[in-house]
Amino acid sequence: MQLEIGSVLQDGHYRSIAALIEERVGIQLPAVKRTMVEGRLRKRVRALDLDGLDAYGRLLFEEGFLAQELTHLIDCVTTNKTDFFREPSHFDFLREEAVPRLAAQGRGRPLRLKVWSAAASIGAEAYTLAMVLDDMVRAGHEMSYGILGTDISTQVLAVAARGIYATDMLAPVPPEYRRRYVMEARDPARREGRIVPELRRQVRFRHLNLMDDTYPVESGVHVIFCRNVLIYFDKPTQKKVVEHLAQHLVPGGFLVVGHSESMAGIGAAGLVQETSSIFRRPEGGGR
């Protein structure tokens with residue numbers, strides 16, 4: 001089947017988009033990802049009532065519309081794959097190892113746990129963390145907790161703040177947690193559920209670009225989840241991001257990355273390796 005005229009980006013426009021995204025977001029878009037990128041950008045073509053991707057490229061780079069469109073462009077091309085209880089061993093570690101060890105550092109004082117989901121996407125990871133921690137509080141752990149979720153995409157953050165998810169997406173949530181933390185839609189035909197207000201109040205979401213030189217996040221974070229995003233960065237960018245994240249950890253705090261992400265060769269910012277995907281800031285170093 002022959003593509004319509006204007007249905008693909010000009011080569012130069014694609015190279016410009018790829019260079020811009022790598023500079024602003026750190027994500028590399030080689031030629032093999034071109035079809036995926038063009039597919040995602042077609043919704044912007046429709047939203048702007050343009051003739052095609054060729055017209056979209058010209059609008060950005062020849063007609064001065066880039067500044068106005070940049071947020072939408074980033075939202076379209078950034079990867080937002082996420083699931084509830086994805087890589088569940090990380091949540092087991094949080095429950096069985098991280099929280100008890102952090103509590104022991106407090107020498108009997110109640111733990112005020114700060115957790116950061118640094119690539120929060122639509123919020124599934126942040127709300128999974130909230131479910132696990134709330135369950136621990138109900139089980140008698142003397143602690144309070146707060147969760148920050150950040151992402152480069154303002155579009156996914158809006159979804160996260162609403163906390164409404166399709167029934168199929170909620171399927172990995174254990175039945176007991178689902179009964180406690182998810183309100184099913186009154187109309188079964190809608191096939192969706194919403195995170196209960198009590199849990200939503202424990203989670204706040206904020207825009208943040210991991211490529212920035214500084215992060216507007218307070219220090220003293222106990223656990224940072226930054227999973228399945230480092231894999232999209234080159235090694236120097238990985239090293240820079242990990243170093244920035246590590247600066248926000250309390251001594252003894254934990255950084256959790258994705259199982260598919262190797263920290264080998266990027267310095268790990270002085271962190272001590274606990275497992276293949278979990279790292280700890282030594283208690284004797286730093287603030």
Side-chain angles (χ1 to χ4, degrees), residues 79-103 110-151 156-205 221-229 253-261 274-278:
T79 300
N80 300 311
K81 168 67 175 171
T82 185
D83 295 295
F84 285 91
F85 288 89
R86 186 180 186 183
E87 299 180 341
S89 64
H90 288 154
F91 302 104
D92 294 338
F93 184 92
L94 178 72
R95 181 190 301 107
E96 298 165 8
E97 293 283 342
V99 171
R101 289 162 64 178
L102 289 163
L111 178 62
R112 298 171 61 88
L113 190 72
K114 299 178 183 177
V115 182
W116 177 11
S117 172
S121 186
I122 60 174
E125 178 179 86
Y127 289 128
T128 298
L129 289 163
M131 291 178 192
V132 171
L133 295 174
D134 190 78
D135 186 61
M136 294 184 72
V137 172
R138 288 170 178 263
H141 288 262
E142 292 188 8
M143 69 175 190
S144 58
Y145 70 94
I147 298 167
L148 172 66
T150 62
D151 202 275
V156 298
L157 289 172
V159 176
R162 289 193 296 271
I164 300 174
Y165 302 97
T167 298
D168 289 347
M169 186 170 181
L170 291 164
V173 179
E176 181 181 353
Y177 283 5
R178 188 158 174 174
R179 287 191 294 270
R180 186 186 299 161
Y181 299 122
V182 179
M183 302 180 296
E184 303 291 345
R186 293 179 181 176
D187 180 2
R190 290 171 58 182
R191 296 188 55 77
E192 64 184 20
R194 189 174 194 185
I195 305 300
V196 297
E198 297 84 355
L199 214 63
R200 296 203 309 274
R201 283 195 288 267
Q202 299 299 115
V203 185
R204 56 196 173 97
F205 294 99
V221 179
H222 294 91
V223 182
I224 299 175
F225 274 56
C226 187
R227 305 188 304 166
N228 306 303
V229 63
F254 296 89
L255 171 66
V256 182
V257 302
H259 285 305
S260 61
E261 295 167 313
E274 293 272 327
T275 73
S276 61
S277 57
I278 300 175

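Keep in mind that what you see is a predicted model, and the values were worked out from it rather than measured.
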Electrostatic pair [X]:[Y] at N-O distance under 4.0 angstrom:
{"X": "Arg138", "Y": "Asp135", "answer": "no"}
{"X": "Arg101", "Y": "Glu96", "answer": "no"}
{"X": "Arg227", "Y": "Glu125", "answer": "yes"}
{"X": "Glu184", "Y": "Arg194", "answer": "no"}

Review point. By ring-ring contact (aromatic ring centres under 6.0 Å, His included), which residues pair with His90, not counting sequence neighbours?
Key: His259
**Study point:** For Phe91, ring-ring contact (aromatic ring centres under 6.0 Å, His included) partners two or more places apart
**Key:**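 Phe85, Phe225.
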Say you draw a straight line from [atom1] of [X] to [atom2] of [Y]; how long is it, rounded to the nearest 0.5 Å?
{"X": "Leu102", "Y": "Phe254", "atom1": "CG", "atom2": "CZ", "answer": "5.5 Å"}
{"X": "Glu87", "Y": "Asn228", "atom1": "CD", "atom2": "CG", "answer": "4.5 Å"}
{"X": "His222", "Y": "Leu94", "atom1": "NE2", "atom2": "CG", "answer": "12.0 Å"}
{"X": "Glu274", "Y": "Leu255", "atom1": "CD", "atom2": "CG", "answer": "11.5 Å"}
{"X": "Asp83", "Y": "Thr128", "atom1": "CG", "atom2": "OG1", "answer": "9.0 Å"}
{"X": "Thr275", "Y": "Phe93", "atom1": "OG1", "atom2": "CZ", "answer": "6.5 Å"}

Side chain to side chain, [X] and [Y], heavy atoms closer than 4.5 Å:
{"X": "Leu133", "Y": "Arg95", "value": "no"}
{"X": "Tyr145", "Y": "Gln202", "value": "yes"}
{"X": "Glu192", "Y": "Leu170", "value": "no"}
{"X": "Tyr127", "Y": "Val203", "value": "yes"}
{"X": "Met143", "Y": "Arg112", "value": "no"}

Nearest atoms (heavy-atom pairs only) where [X] meets [Y]:
{"X": "Ile224", "Y": "Ala118", "result": "CG2-CB, 4.3 Å"}
{"X": "Leu129", "Y": "Ser117", "result": "CD1-CB, 4.4 Å"}
{"X": "Ile195", "Y": "Met131", "result": "CD1-CE, 3.9 Å"}

Review point. Taking the side chain from Ser121 and the backbone from Gly123, do they hold a donor-acceptor pair closer than 3.5 Å?
Key: no
**Study point:** Test applied, side chain to side chain donor-acceptor pair (under 3.5 Å); reference residue, Glu176; option that passes from Arg180, Arg179, Arg178
**Key:**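 Between Glu176 and the candidates, side chain to side chain donor-acceptor pair (under 3.5 Å) is satisfied uniquely by Arg180.
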Exercise for review: Report yes if the distance between the aromatic ring centroids of Tyr165 and Phe84 is under 6.0 Å, otherwise no.
Suggested key: yes
Practice item. Mind running salt bridge (Lys or Arg N to Asp or Glu O under 4.0 Å) on Arg190 and Asp187 for me, showing each step along the way? Key: CA-CA 6 Å; Arg190 290 171 58 182; Asp187 180 2; 5.8 Å; no
Review point. Between Val223, Val115, Leu113, which is the residue that forms a side-chain contact (heavy atoms from CB on, under 4.5 Å) with Val99?
Key: Leu113
